[in-house]
Amino acid sequence: MHAGWYEADIERVIATEEQIRQQTAKLAARVAADYKDVDRLLLICVLKGAIMFAADFTRELGRLGVPVELEFMAASSYGQGTSSSGVVRVLKDIDREVVGRHVLVLEDIVDTGLTLSWLVKYLTSQGAASVEVVTMFRKPAAVRSAPPLKYVGFDIPSEFVVGYGLDYAERYREIPFVGVLKPEIYSRPAT
Ligand code: PRP
């Protein structure tokens with residue numbers, strides 16, 4: 001169930017709170033099994049969109065007894081629009097060395113994959129022992145792009161989605177589910 005000011009702006013729901021919770025638990029269980037021999041997994045949350053997923057996923061790993069460290073990076077490719085520009089800007093780097101660490105990048109959404117390709121290359125070049133990605137949502141363009149992603153919550157259509165951290169012009173991040181934004185919202189000038 002949901003109710004809020006945003007309801008009129010959402011065309012349809014793509015992932016409910018319950019579906020997100022279930023997928024998060026499944027992804028965390030897979031990660032816990034795959035990294036059972038790793039000392040301390042280094043999680044890197046990609047700001048800002050991934051904060052909701054990172055918070056839920058990290059706690060899920062905690063429930064499963066997986067020891068982690070949590071770092072934050074900000075790399076932006078979208079700006080104010082609704083499609084990727086192809087330009088990755090590093091707005092905030094991590095505060096610790098990744099040399100020899102097993103790194104798991106936490107993303108909310110992979111669209112063109114440009115941000116991620118850049119991030120994986122960057123972290124690998126810094127000397128990480130391994131770099132994998134967990135994303136809650138993946139759009140079709142990313143399915144076609146290499147390398148294939150190991151941990152994906154939902155494959156979703158190529159539509160503009162908001163909620164659960166995902167924004168349009170910094171709005172809608174607080175919506176607890178993910179929905180398709182009505183095209184009329186982003187085809188008119190932002191207020
Ligand atoms: C979004 C998302 C990813 C990236 C995916 O971030 O969080 O980092 O875009 O797009 P791509 O696969 O086409 O590169 P955004 O730049 O919107 O910043 P935000 O998370 O701060 O909203």
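This is a predicted model, so every value here is computed, not measured. Computed from heavy atoms alone, side chains included, the values below leave out hydrogens, waters and symmetry copies. Positions are given from 1 along the sequence. Remember, it's 1-based here, ligands and their atoms both numbered in the order they're listed.
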Pairs of nitrogen or oxygen atoms closer than 3.5 Å, one from L116 and one from ligand 1: do any exist?
no
Heavy atoms only: give me the nearest D34-Y151 pair and the separation to one decimal.
OD2-OH, 2.5 Å
With heavy-atom distances below 4.0 Å as the criterion, list the atoms of ligand 1 near L47.
20 (O), 21 (O)
With the threshold set at under 4.0 angstrom, would you say R173 reaches ligand 1 through any of its heavy atoms?
yes
Sub-4.0 Å heavy-atom approach of A50 to ligand 1:
no
Considering only heavy atoms, does D111 approach ligand 1 within less than 4.0 Å through its side chain, its backbone, both, or neither?
both
Side-chain donor-acceptor pair present, Q23, Q19, cut-off under 3.5 Å:
no
R101/E71 salt bridge by N-O under 4.0 Å criterion
no
Any idea which atoms of ligand 1 are less than 4.0 Å away from a heavy-atom of T112?
11 (P), 12 (O), 13 (O), 14 (O)
Contact check, side chains of F57 and L106, non-hydrogen atoms, under 4.5 Å:
yes
State whether the shortest distance between N or O atoms of V46 and N or O atoms of ligand 1 falls below 3.5 angstrom.
no
A student checking ligand 1 against E107 at a 4.0 Å heavy-atom cut-off should list atoms 2 (C), 3 (C), 7 (O), 8 (O)
Looking just at side-chain N and O atoms, do D56 and Y164 make a donor-acceptor pair shorter than 3.5 Å?
yes
Give a yes or no on whether a salt bridge exists between K182 and D9, defined as a side-chain N under 4.0 angstrom from a carboxylate O.
no
Min over L114, I109, D108 of heavy-atom distance to atom 7 (O) of ligand 1 lands on D108
Contacting atoms of ligand 1, where contact means under 4.0 angstrom from a heavy atom of D167:
22 (O)
Beyond-backbone contact of D39 with P67, side-chain heavy atoms, under 4.5 angstrom
no
